[in-house]
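See structure below.
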Amino acid sequence: MAGMKSAVPPFSGHPAMPAAPPLPVPTRPACAHCLALAEDPRRREPHACLALRNTAPHVSASAAGVPFSMLSFTCRECGTAWRLYDRANELFVSWVPEHPLVR
Ligand SMILES: [Zn+2]
(Lines give C-alpha, C1' and ligand atoms only; values in the text may rest on other atoms or scores of the structure.)
Protein backbone atom coordinates (compact mmCIF):
# COMPACT_ATOMS: atom_id res chain seq x y z
CA MET A 1 0.00 0.00 0.00
CA ALA A 2 1.43 3.30 -0.96
CA GLY A 3 1.14 5.93 1.68
CA MET A 4 -1.49 8.41 0.68
CA LYS A 5 0.36 11.49 1.65
CA SER A 6 -1.47 14.68 1.30
CA ALA A 7 0.13 16.57 -1.58
CA VAL A 8 -1.03 19.94 -0.50
CA PRO A 9 1.80 22.44 -0.92
CA PRO A 10 2.34 24.53 2.17
CA PHE A 11 1.13 27.77 0.61
CA SER A 12 -1.90 26.57 -1.28
CA GLY A 13 -5.03 28.13 0.00
CA HIS A 14 -2.99 30.96 1.47
CA PRO A 15 -5.11 34.09 1.46
CA ALA A 16 -4.05 36.64 -1.10
CA MET A 17 -1.74 39.27 0.24
CA PRO A 18 -3.29 42.73 0.24
CA ALA A 19 -1.94 44.69 -2.67
CA ALA A 20 0.37 47.53 -1.78
CA PRO A 21 -0.99 50.90 -2.84
CA PRO A 22 0.68 52.02 -6.06
CA LEU A 23 3.11 54.87 -5.76
CA PRO A 24 2.14 57.88 -7.84
CA VAL A 25 5.74 58.72 -8.66
CA PRO A 26 8.56 56.22 -8.86
CA THR A 27 11.00 57.37 -6.27
CA ARG A 28 14.68 56.71 -5.91
CA PRO A 29 16.49 56.91 -2.62
CA ALA A 30 17.86 60.38 -2.08
CA CYS A 31 21.61 60.66 -2.52
CA ALA A 32 23.93 61.70 0.26
CA HIS A 33 24.07 65.27 -1.07
CA CYS A 34 20.30 65.66 -0.90
CA LEU A 35 20.09 64.09 2.54
CA ALA A 36 22.74 66.53 3.72
CA LEU A 37 20.82 69.43 2.20
CA ALA A 38 17.66 68.30 3.98
CA GLU A 39 19.63 68.39 7.22
CA ASP A 40 20.82 71.93 6.55
CA PRO A 41 18.10 73.62 4.47
CA ARG A 42 19.16 77.19 5.23
CA ARG A 43 22.45 77.27 3.42
CA ARG A 44 22.62 79.34 0.25
CA GLU A 45 24.76 77.20 -1.99
CA PRO A 46 23.20 74.36 -3.93
CA HIS A 47 25.12 71.13 -3.58
CA ALA A 48 27.39 69.95 -6.38
CA CYS A 49 24.82 67.70 -8.08
CA LEU A 50 21.99 70.20 -8.30
CA ALA A 51 21.13 71.54 -11.74
CA LEU A 52 19.11 74.70 -12.12
CA ARG A 53 15.86 73.98 -13.96
CA ASN A 54 14.64 77.49 -14.70
CA THR A 55 17.16 80.24 -15.15
CA ALA A 56 14.74 82.98 -14.14
CA PRO A 57 13.61 82.94 -10.53
CA HIS A 58 9.90 82.78 -9.90
CA VAL A 59 9.07 85.96 -7.99
CA SER A 60 5.94 86.16 -5.91
CA ALA A 61 4.69 87.14 -2.50
CA SER A 62 3.53 85.08 0.42
CA ALA A 63 0.05 85.29 1.88
CA ALA A 64 1.46 87.78 4.40
CA GLY A 65 2.67 89.97 1.57
CA VAL A 66 6.36 89.16 1.96
CA PRO A 67 8.01 89.00 -1.46
CA PHE A 68 10.13 86.00 -2.21
CA SER A 69 11.88 84.40 -5.14
CA MET A 70 11.93 80.71 -5.88
CA LEU A 71 14.38 78.73 -7.97
CA SER A 72 13.87 75.14 -9.09
CA PHE A 73 16.66 72.59 -9.08
CA THR A 74 16.91 68.92 -9.91
CA CYS A 75 19.57 66.61 -8.54
CA ARG A 76 21.59 64.95 -11.28
CA GLU A 77 22.43 62.05 -9.00
CA CYS A 78 19.09 60.99 -7.54
CA GLY A 79 16.52 63.07 -9.42
CA THR A 80 15.16 64.84 -6.35
CA ALA A 81 13.47 68.13 -7.23
CA TRP A 82 14.21 71.03 -4.93
CA ARG A 83 12.85 74.54 -4.56
CA LEU A 84 15.01 77.26 -3.14
CA TYR A 85 13.00 79.98 -1.45
CA ASP A 86 14.67 83.29 -0.79
CA ARG A 87 12.46 85.69 1.12
CA ALA A 88 13.01 89.40 1.40
CA ASN A 89 14.37 90.59 4.73
CA GLU A 90 15.41 87.10 5.77
CA LEU A 91 18.95 86.12 6.42
CA PHE A 92 18.49 82.50 5.47
CA VAL A 93 17.03 80.75 2.48
CA SER A 94 15.10 77.52 2.66
CA TRP A 95 15.41 74.42 0.53
CA VAL A 96 12.19 72.47 0.14
CA PRO A 97 12.02 69.13 -1.69
CA GLU A 98 9.03 68.79 -3.99
CA HIS A 99 8.45 65.29 -2.66
CA PRO A 100 9.47 63.81 0.67
CA LEU A 101 12.96 62.41 0.44
CA VAL A 102 13.27 58.64 0.19
CA ARG A 103 15.89 57.34 2.55
ZN1 LIG B 1 20.42 63.95 -4.84
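In listed order, ligands and their atoms are each counted from 1. Both backbone and side-chain heavy atoms feed into the values below; hydrogens, waters and symmetry mates do not. Remember, predicted model here, so these are calculated numbers, not experimental data.
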Requested in this report: Begin from the C-alpha positions of Trp95 and Phe73 and carry the test ring-ring contact (aromatic ring centres under 6.0 Å, His included) through to its verdict.
Outcome: CA-CA 10 Å; Trp95 288 92; Phe73 292 83; 5.1 Å; yes
Query - Degrees at the Zn ion (ligand 1) between the SG atom of Cys75 and the SG atom of Cys78, nearest 10° - result: 110°
Query raised in the report: Does the shortest distance from the Zn ion (ligand 1) to an N/O/S atom of Cys34 fall below 2.8 Å?
Result: yes
Query - the Zn ion (ligand 1) contact by His33, N, O or S atom under 2.8 Å - result: no
Query raised in the report: More than 12 non-hydrogen atoms from neighbouring residues, nucleotides or ligands closer than 6.0 Å to CG on Asp40, yes or no?
Result: yes
Query raised in the report: Would you say the side-chain atoms of Arg43 pair up with the backbone N or O of Ser94, donor to acceptor, closer than 3.5 Å?
Result: no
Query - Within 6.0 Å of CZ in Arg44, more than 12 heavy atoms from elsewhere - result: yes
